[in-house]
Asker: 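Quick one: structure below, then a few questions.
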Amino acid sequence: MDAIYRPEIIEPEGQQHWEEKQAFRASEDSTKLKYYCLSMFPYPSGKLHMGHVRNYTIGDVLARYHRMKGYNVLQPMGWDAFGLPAENAAIANDVAPAGWTYANIDYMKKQLKSLGLAIDWSRELATCKPDYYRWEQWLFTRLFEKGVIYKKMATVNWDPVDHTVLANEQVIDGRGWRSGALVEKRDIPMYFFRITDYAEELLSELDNLTGWPERVKTMQKNWIGKSFGVEIHFPLQPQGKGDVLKVFTTRADTLFGVTYVAVAAEHPLAQQAAGHNPALAEFIAECKQGSVAEADMATMEKKGMDTGLKVYHPFTNEPIPVYVANYVLMGYGEGAVMAVPAHDERDFAFAGKYALPIKAVVKPAEGDLELPLQAAYTEHGVLFDSGDFSGRTSEDAIEKIALVLKNLGMGGRRTTYRLRDWGISRQRYWGCPIPIIHCPACGDVPVPEDQLPVVLPEDVKIDVGSPIKKMPAFYECTCPKCGGRAERETDTMDTFVESSWYYARYACPDLDTGMLDGRANYWLPVDQYIGGIEHAILHLLYARFFHKLMRDVGLVSTNEPFANLLTQGMVIAETYYREQPGGKKQWLNPADVEVVDGTPVLTADGKPVIAGGTEKMSKSKNNGVDPQAIIDKYGADTARLFMMFAAPPEQSLEWSDAGVEGAHRFLKRLWKTVYDQVQGGEVSAYAGGELPEALAGFRRQLHQTIAKVTDDIERRKQFNTAIAAIMELMNAMAKLEGDREAQSRGPACGDATAERDAGAPPAVAGIPSAGLSPSGGPSTDAPGRQDSLTRSIKQEAMEAIVLMLAPIVPHICRVLIKALKPGACLVGSPWPAVDEAALVQNEIELMLQVNGKLRGKIKVAADAAKDAVEASALASPEAQKHMEGRPAKKIVVVPGRLVNIVV
RNA sequence: GCGAAAGUGGCGGAAUUGGUAGACGCACUGGAUUUAGGUUCCAGCGCCCCACGGCGUGGGGGUUCGAGUCCCCCCUUUCGCACCA
């Protein structure tokens, strides 16, 4: 063992060793419990960022921990390789998206390997390869035939200058990011997955996902948005004659307060009215401007216009004006809403703006409304001015109104979901081709299985628009049904489709006769899934949906893909900038900035810069810290340790160079501690028996720490507190009697050494340690015996510490465990066990409170009865002092914790 | 706008079930060793006060013997909003 910790040497050695031994190769084994540990696969953007390092370190800690606990562990890795950035890079650098992507994968794979992750690389997959996406296409054709996939019109962002569809991300302040043109909404045909058919199951199964964070389940629940409401038909002519306008509302109790109805700009009624109303037509055209993003729609100014049309109240037959409003969404519900300004905030604002009447019909159960209303009263209450329904409660009225409407054939109870069907068509190149052939005679025909995959050409030039749309060699084909001339679909699939089933494909990535085989049922569900909180809704909902689709075609036997979910927080860092002439900010990378006397300055010129606050690491703020630089400087173990120590995994993690230094310092100290122990020569294992008080206390702490670290990793997944507990243990070990002198001063350094055992001299450089076993030595006096005991206990502690740290910092621990236990191998070493006997304590300390304020501590027997604890508390001088002679009114005893005397 | 979280020393964070607020680390201060600097080691370190003691977990109220933790109102920040991944 080298005296100096050299990560740059031991880390590549360890990685090479594991690779040669294929130490993390997984295979199905029915004799062991399986543990499938999966981190969300990366998009190959170019190089790893800190978020990746954090994600994969968390996964690796859990994978390695479970391996030590005896599980059959699978930890795979792959590439979410299709997507928009490759096309952007292609335009910027004049390269093909495929080549760019594959080069990025090569580089990032090297980086991942330098982190020392316990990954089974033999299962690596990339979603842009035909042997992956052919099965996605195969499933698509099956689902198309089943009717799970269908085609309909949908609204997209259209750039009228570039003549291209824009992603929401490419719309900035309502304009195309390249052209700067005002974006328009445009309807085009798209393929949809009927995810709404699974809405009920996706919702109800959330209750069974006990290993998911509550907040993620709540977000999904709200996203699915099941609501019980009432469908109401407003006739277009008096007395209920003619067609009806259907609306859905959760507040049918406010029906008598309706003063207008509002329809979406795309609603047929609006289109009809616009036919002979140029101003309305112009307003509808105006509504077409802007992006389709819901956040934009929701924050824009609410505008409307009277169509001049009327509908009639289903109960009172009163005429009600029909407005077109830009805030009503065609794709949600019926594309029309009934408006009750008195009882809805948005309607209230709209009514105020267009001087529409406000009619209150619900008041609090006790008291009255102050009229005229200053704001909408949105609570449930009691109805008034509502015909036969006056006097009923809101809940009661909703039921009754629904029933009456149903009997009249004018609507009734209805359950709706906020969730919409999943549109997967993308007018982009770098994605999985949709396997459909458009035949003028046969319509949309799925590509037959023997013609799959529909291979995406990789050797292309990219400019504006998808190259395959201009490539007859790609889209010209014959109809599989009639043999006539036909055209292939040139849209590709949403990349969320690939990421919705990759977790299953890892079980059988080599299978070329089907999508999945029985191995998927061995490994699934994923036991632990780890990824960013930003995926809480979309990706995780789509993957759950896809799992059910695969189940329903017999590919998997489980209902849910991910048994346990850990959503990791972001990695954030300080931002720095300088004001440019003209007010523009020039963002400076934290690596180029140093803090001198509390002022951040640019290292290059020593002049001050402005701190802009801590934010998510991003290109736009130039505050990304390159993980490679950290690995190169300190090693992967330091990077891993810092990331696990600086914050619990679910919280955001603030990057700190000083914190990294601290982590590195700890590893150096760990190395030296083990080195000193090993230099002390052979040591006998502690075989039980009485220990002096200090050693017994230390050994108790050791086993308490093992229990805590086990719980922190396995149940709580709080690696920061696990590491802190190990640090405390190390600190306690350093303070053990006689230890300090041995480490730093040597034998010639004063009185303390007189107590040391002559049989175990401190190490002297150059003298081999072999054969210096204190247990075999001649010393029989008490100090000598204690010293050898101390070394035995320390050996026990160090072995446990190294094994507990192994999942977090595997490279250093691999070397240290071999040094401590010659012949030991890290991979295969079991997790340390708790010795229950070491935990026993005779006397415990209780907090003493008087009137809830901490006044002191008392010591009592561990098994002391309540009476004895009370007596002991009352007798203590602290209690006497603060009671000031007053009698105790009440004494609260919390066993093992505290006593509170109330006076 | 809607949905979901978070807010604790100079900083990152700990306090797991309503029971010692500030573990562990960073920064800082003093000391030792070495000294060119650094490294390493020891000690101190929430605020106010000479002290006794008091105050203190974003702000305001409440429940309780006891609140960082539970309830109500408010403020701020972060994430998501269906074509970024």
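Residue numbering restarts at 1 for every chain, and letters A, B, ... go by the order of the sequence lines. Below, each value reflects all heavy atoms present in this structure, side chains not excepted, and no hydrogens, waters or symmetry copies.
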Asker: Consider the side chain of A/L538, meaning its heavy atoms from C-beta on, and name the nucleotide among B/rC11, B/rC84, B/rC81 that approaches it most closely.
Answerer: B/rC81
Asker: Using the C1' atom on both, measure B/rA82 against B/rU63 and round to a whole Å.
Answerer: 42 Å
Asker: What is the distance from CE of A/M40 to C1' of B/rC84, rounded to the nearest Å?
Answerer: 15 Å
Asker: Contact class for A/L419 vs. all strands (heavy atom < 4.0 Å): base, sugar-phosphate, or nothing?
Answerer: base
Asker: With a 4.0 Å cut-off on heavy atoms, is A/A536 in touch with a base, just the backbone sugar-phosphate, or nothing at all?
Answerer: nothing
Asker: What's A/K853 touching, base or sugar-phosphate or nothing? Going by heavy atoms closer than 4.0 Å.
Answerer: sugar-phosphate
Asker: RNA chain B: A/I537 or A/E214, which has the more 5' nearest nucleotide?
Answerer: A/E214
Asker: With a 3.5 Å cut-off and no angle check, do the side chains of A/T416 and A/S227 form a donor-acceptor pair?
Answerer: yes
Asker: Using the C1' atom on both, measure B/rG19 against B/rC11 and round to a whole Å.
Answerer: 29 Å
Asker: Could you check how far CD1 of A/I4 sits from P of B/rU39, rounded to whole Å?
Answerer: 15 Å
Asker: Could you check how far CD of A/E534 sits from C1' of B/rC81, rounded to whole Å?
Answerer: 14 Å
Asker: With syn defined as a glycosidic angle within 90° of 0 and anti as the rest, where does B/rG25 land?
Answerer: anti
Asker: Below 6.0 angstrom between ring centroids: does that apply to A/W422 and A/Y542?
Answerer: yes
Asker: So, is A/N222 close to the B/rA4 phosphate, meaning a side-chain N or O under 4.0 Å from OP1 or OP2?
Answerer: yes
Asker: Reading nucleotides 73-78 of chain B 5' to 3', which nucleotides get B (base under 4.0 Å from a protein heavy atom), which S (sugar-phosphate only), which -?
Answerer: -----S
Asker: Establish, from distance only, whether the side-chain atoms of A/D712 and A/T721 form a donor-acceptor pair under 3.5 Å.
Answerer: yes
Asker: Only one of A/R426, A/K469, A/K151 forms a salt bridge (charged side-chain N to carboxylate O under 4.0 Å, His left out) with A/D491, so which one is it?
Answerer: A/K469
Asker: Counting the atoms with a prime plus P, OP1 and OP2 as sugar-phosphate, which does A/H535 contact under 4.0 Å by heavy atoms, base, sugar-phosphate, or nothing?
Answerer: base
Asker: Would you mind reading off the distance between A/E650 atom CD and B/rG13 atom C1', rounded to a whole angstrom?
Answerer: 15 Å
Asker: Any side-chain N or O of A/T495 less than 4.0 Å from the OP1 or OP2 oxygen of B/rA85?
Answerer: yes
Asker: side-chain contact (heavy atoms from CB on, under 4.5 Å) between A/T490 and A/S466: does it pass, once the steps are laid out?
Answerer: CA-CA 8 Å; A/T490 54; A/S466 166; 5.8 Å; no
Asker: Under a plain distance cut-off of 3.5 Å, with no hydrogens placed, do A/N623 and A/W655 share a side-chain donor-acceptor pair?
Answerer: no
Asker: From A/K859 NZ over to A/L848 CG, what is the distance, rounded to the nearest 0.5 angstrom?
Answerer: 14.5 Å
Asker: Can you tell me if A/K881 touches the phosphate of B/rG53, counting only side-chain N or O atoms and a distance under 4.0 Å to OP1 or OP2?
Answerer: yes
Asker: If we call it a pair only when both distances are under 3.5 Å in a Watson-Crick or G-U wobble match, what pairs with B/rU20?
Answerer: none
Asker: Return the value, rounded to whole Å, for the distance between atom CG of A/L541 and atom C1' of B/rG3.
Answerer: 14 Å
Asker: Report which part of the nucleic acid A/F666 touches: base, sugar-phosphate, or nothing (heavy-atom distance under 4.0 Å, all strands).
Answerer: nothing
Asker: Considering only the P atoms, how many Å lie between B/rG25 and B/rC42, rounded to the nearest integer?
Answerer: 11 Å
Asker: Taking only N/O atoms, report every protein-nucleotides 16-25 of chain B pair under 3.5 Å with atom names and distance.
Answerer:
| from | atom 1 | to | atom 2 | distance (Å) |
| --- | --- | --- | --- | --- |
| B/rU16 | O2 | A/R715 | NH2 | 2.5 |
| B/rU16 | O2 | A/R716 | NE | 3.4 |
| B/rU16 | N3 | A/R716 | NH1 | 3.3 |
| B/rU16 | O4 | A/K708 | NZ | 2.4 |
| B/rG19 | N2 | A/Q849 | OE1 | 3.3 |
| B/rA23 | O2' | A/E728 | OE1 | 3.2 |
| B/rA23 | O2' | A/E728 | OE2 | 3.1 |
| B/rG25 | OP1 | A/N731 | ND2 | 3.3 |

Asker: Could you tell me the Watson-Crick or G-U partner of B/rA4, where both distances fall under 3.5 Å? Say none if there is no partner.
Answerer: B/rU78
Asker: B/rG13 P sits how many Å from A/M643 CE, rounded?
Answerer: 13 Å
Asker: Heavy atoms only, 4.0 Å cut-off, all strands: where does A/P648 land among base, sugar-phosphate and nothing?
Answerer: sugar-phosphate
Asker: Without decimals, in angstroms, what is the distance between A/Y542 OH and B/rC84 C1'?
Answerer: 13 Å
Asker: So what does A/V165 touch, heavy atoms closer than 4.0 Å: a base, only the sugar-phosphate, or nothing?
Answerer: base
Asker: For B/rC45 versus B/rG10, give the span between their C1' atoms, rounded off to a whole number of Å.
Answerer: 11 Å
Asker: The side chain of A/Q651 is closest to which nucleotide in this list: B/rA85, B/rA14, B/rC81?
Answerer: B/rA14
Asker: A/T567 and A/E650: side-chain donor and acceptor closer than 3.5 Å?
Answerer: yes
Asker: Nearest of B/rC84, B/rC65, B/rC81 to any side-chain atom of A/V902?
Answerer: B/rC65
Asker: How is A/S652 classified with respect to the nucleic acid when contacts are heavy atoms under 4.0 Å: base, sugar-phosphate, or nothing?
Answerer: sugar-phosphate
Asker: Would you indicate whether A/E345, at its atom CD, is surrounded by more than 12 heavy atoms from other residues, nucleotides or ligands within a distance under 6.0 Å?
Answerer: no
Asker: Expressed as a whole number of Å, how far does the C1' atom of B/rG44 sit from that of B/rG59?
Answerer: 33 Å
Asker: What's A/R215 touching, base or sugar-phosphate or nothing? Going by heavy atoms closer than 4.0 Å.
Answerer: sugar-phosphate
Asker: Reckon A/G423 touches a base, only the sugar-phosphate, or nothing at all at heavy-atom distances under 4.0 Å?
Answerer: sugar-phosphate
Asker: Check the side chains of A/R886 and A/N851 for a donor-acceptor pair under 3.5 angstrom, ignoring hydrogens and angles.
Answerer: no
Asker: For the aromatic rings, using the six-membered ring if either is Trp, is the centroid distance between A/Y133 and A/F82 under 6.0 Å?
Answerer: yes
Asker: Over all strands shown, is A/M730 touching base, sugar-phosphate only, or nothing at heavy-atom distances under 4.0 angstrom?
Answerer: nothing
Asker: Restricting to side-chain contact (heavy atoms from CB on, under 4.5 Å), what partner residues turn up for A/N720, sequence neighbours left out?
Answerer: A/P648, A/Q718
Asker: On a whole-Å scale, what distance lies between the P atoms belonging to B/rA4 and B/rA43?
Answerer: 49 Å
Asker: Heavy-atom nearest nucleotide on RNA chain B for A/Q718 versus A/M219: which residue maps closer to 5'?
Answerer: A/M219
Asker: Can you see whether A/S179 engages A/D159 through a side-chain donor-acceptor pair at a distance of less than 3.5 angstrom?
Answerer: yes
Asker: Does B/rA43 pair with anything, Watson-Crick or G-U wobble, both distances under 3.5 Å, and if so, with which nucleotide?
Answerer: B/rU29
Asker: What's the gap between B/rA67 and B/rG56 when it is taken at their C1' atoms, as a whole Å value?
Answerer: 14 Å
Asker: Please report the distance, rounded to the nearest Å, between CZ in A/R418 and P in B/rA82.
Answerer: 9 Å
Asker: Please measure how far the C1' atom in B/rA27 lies from the corresponding atom in B/rG13, and state the result in whole Å.
Answerer: 14 Å
